[in-house]
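Naming: A, B, ... by sequence-line order, numbering from 1 per chain.
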Amino acid sequence: MSAADAPVQQVDLDVLERTWGPRRPGIVGWLGQCNHKAVGLRFIVTAMAFFLIAGAMALVMRTQLAAPENDLVSPEVFNQLFTMHGTLMMFFFAVPILEGLAIYFLPLQLGARDMPMPRFGAFGYWVYLAGGILLLSSFFFGAAPDGGWYAYPPLTTAAFSPGLNIDLWLLGVTLTEISAIVAAVEIIVLIFRSRAPGMTLARMPLFGWSMLATSAMILVAFPPLVVTSLLLEIERKLGTPFFDGTAGGDPLLWQHLFWWFGHPEVYIQLLPALGILATVIPVATRRRLPMRWLVVASFLAIAIVSFGLWVHHMFTTGIPHLALQFFSSASFMIAIPSGVIVLSFIAAFWTGRANFDPPTLFAIGFLVIFVFGGITGVMVGTVSFNFQAHDTYFVVGHFHSVLIGGNVFPVFAGLYHWFPKVTGRHVNRRAGQASFWLMLVGFMLTFVPQHVVGFLGMVRRMWTYEEGLGWEVWNLASSLGSGILGLGVGVSVVAFAVAWRGGEPAGGDPWGAPTLEWSTASPVPQHNFPVIPVVASAEPRWGPLNRPDPVEASPWYAALGNPPEGQRETPVTTPIHGRSAAVALLPTHSLWPLWTTVAIMVVLIGVLFDLWWLAGVGVVLVTASLVAWTWPAGRTDLREADIRETEPTPLDGPDRGRNVRTFRVVTDGGRSIGWWGTVNGVIALGHLVGATAVATVYLRSRTVTWPPTATEPPGVTAIVIAAGLALVAAVSTSLAERGTRSGRAARPVAALLLVLAGAFALAGGLIHLIVTLRGNLPVDEHAFWAIWWLIGATSFVLLVSATITAWVTAWHLGKRDVIRTGHDAELAPVRLWVWSCAVSVVALLAVAMGSAVWWG
Amino acid sequence: MTTTDTARARPGAVAITLAVFGGTIAWAFRFGLGYLLVPAACEIGDWLLHLVTLGTALLALAALVLSLRWARRLDDAPLRFSMWFGVALNVFFLAAILLEGSGVLFVDACAKAALP
Ligand code: HEM
Ligand SMILES: [Cu+2]
C-alpha cells in the first residue's frame, strides 16, 4: 500500500515559486494578493492591533476604577470604553485571530497549496477591515458606541440612543459577521476537498477538527445576528417597531437572537484555541495526544450543546423557572466534554516529557485559568446563584477567565509555536517566559479580586464607586494586576517585533513536530510544498510507517507531470477518505474583492448619513464589481493537451485501480469547489431566512393584536404570483443544468434557459419591490406591518441575487474555455442558489401569511 | 484500500447517521420541545414533559445500542471509528436528556419570576 516506490516527481522549484508568487509588482501587487499566507497574516496582524487597542481601553478603565470617586473619565466616556473594549475583543480580536491562524496554517497542516477559494478569502479580510474601520471611525465623529457589547434595545433604539454611535456599531459588527461566515465557508470546503492524498478524516490534525466544528457553528450562529442587527438598524432608520413592546414588537426578541449567536460565540472562540493547544501539547510533551478520538467527539458535543445554552444569559428576564432549569442543566452538561479535553491535555503532560518553552507555558496557563473559569461558570450556570451574581463583577471575573484562559493564552501559545514557521526565526525564549509569568500573575491579580468585589455588591459597568464600601483594596489590586498583565503582553509584542528580523534563524522544523507544516522550509515558500505530500497517519512526521519528510508525490499527480508555468493547480481529494479526485485551477491576483468591499462601504456611508442616492450608487457599484469579479477571463486550462497525451497507467498507493485519464481538471464551478462553497452558502442563507421566520413566529406568539387590523395587506395576489415566478425561474435552471449534461449542442439552449430564469426571477423581484413601495404600509405603527414590509424587501433582494447569478452564468456558458463538454456539474451551483432563493421567498411568504391567520 | 474487501454487508448512509447522531438528534428534540411545552405543562400537567423525556431517552438508547453493536462487529476500520465516536456522543446525549428531564420532578412548571 505504500507510495514510497512511486516515481518521484521532478519539480522545477523556480517555476513553482513564480507561479504561486505575487503577480504584479508594488502596492497593487500587494493589495491584490489572495494567497492564504498573505490573507492569514493580514488577519493575524490586524486582530492583534485590535487586541492592543482594546487592551489599552481596558487599562484606562482599570485606572479609573483604581480608586473610589475617581474622575479620570466621565461616565459617558466610561460607557464608550467598556462597549468598545468588549466589542473589539469579542468581534474583532478573538474570532478573527483564530480565522487568521486557520487560514495561514490549516492549508499547511492539510498539505494543500492554498485555500480553495482565494479571492473569496481575500474578500473576507477586506470586509473585516472595513468593519473595524467603521467601528473605530466613531471616535472621529465623537460618537463611539455606548450600548454595551450586546447592545440591548430599547436602550439602543433611536429614542434612547440618537446619533450615529449605535448605527456604526451595528454596521461594523455586521461586516465582521459576514467576514466570519466567508471564512467559515472557505474553511469547510478546504477541509473536505483539499486534504493531502491519504489524509482520511480520522487522520486529520485536531486543529482541523476544531476548525470544522467551529466553522459549522459559525454558519448556524452568525446569520441570526446579522438578521437581528439589520432589524435594529431598520428600526432605528425607519421606525419599524420590531423591538417595541407597545406596538407588537418585543425587546426580548433581540436577546433571544443575540444570545442564540452569543453563547455559541464563546465556544467559537474556544474550540479553535483548543485545537491550537492540541497542536502545541504533543510537541511540548513529545507524545501523541491521549484519547484523540474522544477529544474529537468532545469538540462535536461542545459545538452542538452550545446551542442549548443561550437562555442562561436571560435567567432574570421572567422566563418560566422550569425552562430555565433545562438551560441550566445543559450548561452543566457542557462541562463534561470540556473536562474530557482538559483531562486529555493533563494526561499528555503527566505521561510525556514536557519542556518549558513559551508555547508549553502558555498551554499550562490555559489549564490553570480555564479550569478556574469553568468552575465559576458552573456556578453562574446555576439559576439560584445566577439571580444573585447577575451583572456583578463576579460575572466580569468569570467571563474574563474563560476568555483570557480559553482564548488569549492558547493564541499566544500558537503565536510562539508558529512564529518560526512564518518568519524563519526564533523568538527570544527568555522574553517569552517572562511574558508568560507576567501575564499569569497579572491575570490572577486582576480577576480573582473581581470575584470578591462582586460578592460585596459591586455591579458591572460601574463608572465609579463610593468610599467605605470595602471595595477599595480589591479594585486597587485589580488595577495593579491589569498593569502587570499589560506589561506581559507588551513584552511579547516587543519580542515578536524584534525577532521578526533579528531573531536567530530557525530551520524548517525547530520543534520536531508531527504535522505537515513543518515539512517545508521556514519561511514557507509561495507554493507551500515542492510536491504534494502523501499522508499515512495522524502524525505524518512521526512513527515508523511515515516518512519524516513526505516529499513523495501522489503517483497519479506525479504521472500528470509538472503543471505549466503560471497555472495554479491544487489537487482535490474526496471528502472522507482523502483519495485523489481531481485537479482544481486556482485564481491568482485580484483587486475585485477589495473594490467590492469599497462599494459596500459606499452603500453603508449612504445609509449612515441618510444619503439615499449615494447608497443607490453603491448598490450599482457592488453589483458591477461582483460581475467583474466572476468574469471568466484568463482561466484557460493550459494543461489539457498534456493530459490527453498521457498514457493511462495503472497506479499503486491510495489511487490504486484508477488511471490518469480519470482525473479531470476542474476550473471554477465544478462539483469540487464551487458546488461545496454554494452548499455552505445555502446553509448560511437558510439560517438567515430561518431567523427571520423565527422572529415572525416569536412576535406573533407574544402579541395579541396580530395583525392589528382586519384589513388584508395590499397586493397579496401579486406577491403570490411573484412567488410562483420565482419557482418557475428555479425550474428553468434545473432544465438548463440537464441540458448541459447532454453535451455541446445543448449549451445555447441552456444559456437561453438561464437568461429566462433570470428574467422570471427579476419579474418576481420587481413585483415585490412595487408592492412594497406602493403599498404605503404603516410600517412604524405595528410590528406586523414592519414584518410584512421586511419580507417584501428581503424577497426582492433574494430574487435580484438569483437574477444576477443566472445571467452571469449564462454569459459564462458562452465562453468555451470555462465549460467543457461532459462536465455535468458546472450549473449545479447556480441551480442550487436559484432554488434556495425561490424556496426562501415562498417560505417567508408562507410564514408571514400564516402568522396572520394563526389564532387569528 | 479497495471497496471489495468488506465482505459483510455495510449499513447504509442513513443508518450510519442515525446510529452515530441518533442521541444528538433526540437531545435536540427534547430540548426544543421541552422549552416550548413548559407553558402547556403548566396547564395540563407535568406528565407531558415526562413523556417527551421518556420518548427521546428511548430514542437515544436505541442509537446507543445500535452504535455499540456495530462498533464491535464491523470490520471496516474507518466505520468502526465512526461508531465508537457515535457511542461516545450517544452516551453523552442520553445523560443530557436524563439530567435535563429530571428537572421536571423538582421545579414547578408554572413558577415564574423576574428581578424587579
Ligand atoms: C487584557 C486584559 C483585560 C482587562 C484588564 C479587561 C478589563 C475589562 C474591564 C475593566 C471591563 C469593564 C467591566 C465593567 O465595567 O463592567 C471589561 C469588560 C469586558 N471585557 Fe475585558 N479586559 C481584558 C481582556 C478582555 C478580553 C481578552 C476579552 C475577550 C476576548 C474581553 C471581553 C470583555 C467583554 C465582552 C466585556 C463586557 C463589555 C460590556 O459590558 O459590554 N476582555 N474588561
Ligand atoms: Cu453563555
Side-chain angles (χ1 to χ4, degrees), chain A residues 1 198 200-203 252 291-305 307-311 314-334 336-337 340 383-384 386-388 390-391 576-579 653-658 697 701, chain B residues 1-4 13 20-21 23-25 27-28 30-42 46 49 52-53 76-116:
Chain A
M1 283 289 286
T200 59
L201 269 189
R203 289 175 189 159
L252 277 190
M291 309 190 288
R292 186 184 136 88
W293 67 274
L294 213 52
V295 170
V296 174
S298 300
F299 286 163
L300 289 195
I302 289 178
I304 292 161
V305 178
F307 285 96
L309 306 188
W310 81 94
V311 168
M314 302 167 63
F315 278 162
T316 55
T317 56
I319 291 170
H321 279 322
L322 183 52
L324 299 185
Q325 196 51 52
F326 295 157
F327 286 88
S328 180
S329 311
S331 310
F332 297 164
M333 285 306 294
I334 211 159
I336 293 177
V340 167
V383 178
S384 46
N386 185 287
F387 268 56
Q388 304 303 317
H390 183 72
D391 267 351
I576 312 274
H577 293 95
R579 297 198 183 99
D655 313 310
R656 181 158 42 153
R658 301 183 175 221
V697 173
S701 71
Chain B
M1 173 185 325
T2 53
T3 46
T4 44
V20 176
F21 291 108
T24 312
I25 298 169
W27 169 81
R30 204 224 71 82
F31 201 79
L33 284 178
Y35 178 46
L36 291 177
L37 292 181
V38 170
C42 169
D46 284 353
L49 292 172
V52 174
T53 308
D76 173 302
L79 208 57
R80 231 183 16 247
F81 174 83
S82 327
M83 286 302 156
W84 280 117
F85 206 75
V87 170
L89 286 179
N90 287 329
V91 168
F92 173 72
F93 281 107
L94 181 58
I97 289 173
L98 294 177
L99 178 70
E100 290 165 24
S102 64
V104 185
L105 296 171
F106 308 108
V107 183
D108 177 4
C110 302
K112 242 186 192 191
L115 285 188

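Note on A:G308, A:A202, A:S298: by heavy-atom pairs under 4.5 Å with chain B, the leading option is A:G308. Contacts with chain B were tallied for A:L294, A:V305, A:L201; A:V305 has the most, counting heavy-atom pairs under 4.5 Å.
For the side-chain contact (heavy atoms from CB on, under 4.5 Å) with A:L324, the lone residue among A:V383, A:N386, A:T316 that qualifies is A:V383.
The distance from the OG1 atom of A:T200 to the CD1 atom of A:I576 is 9.5 Å, given to the nearest 0.5 Å. Within the model, atoms CD of B:E100 and CD of A:Q325 stand 10.0 Å from one another, a figure rounded to the nearest 0.5 Å.
Looking at A:I304, the atoms closer than 4.5 Å to chain B (heavy atoms on both sides) sit in the backbone and in the side chain alike. Heavy atoms closer than 4.5 Å to chain A are found in both the backbone and the side chain of B:W84. Neither the backbone nor the side chain of B:F106 comes within less than 4.5 Å of any heavy atom of chain A. Only the side chain of B:V38 comes within less than 4.5 Å of a heavy atom of chain A; its backbone N, CA, C and O stay farther away. Looking at B:A95, both its backbone and its side chain come within 4.5 Å of chain A, counting heavy atoms on both sides. Proximity to chain B (any heavy atom under 4.5 Å) is shown, for A:V340, by neither the backbone nor the side chain. The contact between B:L49 and chain A is made entirely by side chain atoms (from C-beta outward), counting heavy-atom distances below 4.5 Å.
Annotation: B:F31 is in aromatic contact with A:F327 [ring centroid separation under 6.0 Å].
Judged by the 6.0 Å distance and 45° axis criteria, B:R80 is not positioned over the aromatic ring of B:F85.
A:F299 has its side chain out of reach of A:P337: every pair of non-hydrogen atoms, C-beta onward, lies at least 4.5 Å apart.
In terms of heavy-atom proximity, B:L89 sits nearest to A:A297 at CD2-O, 3.7 Å.
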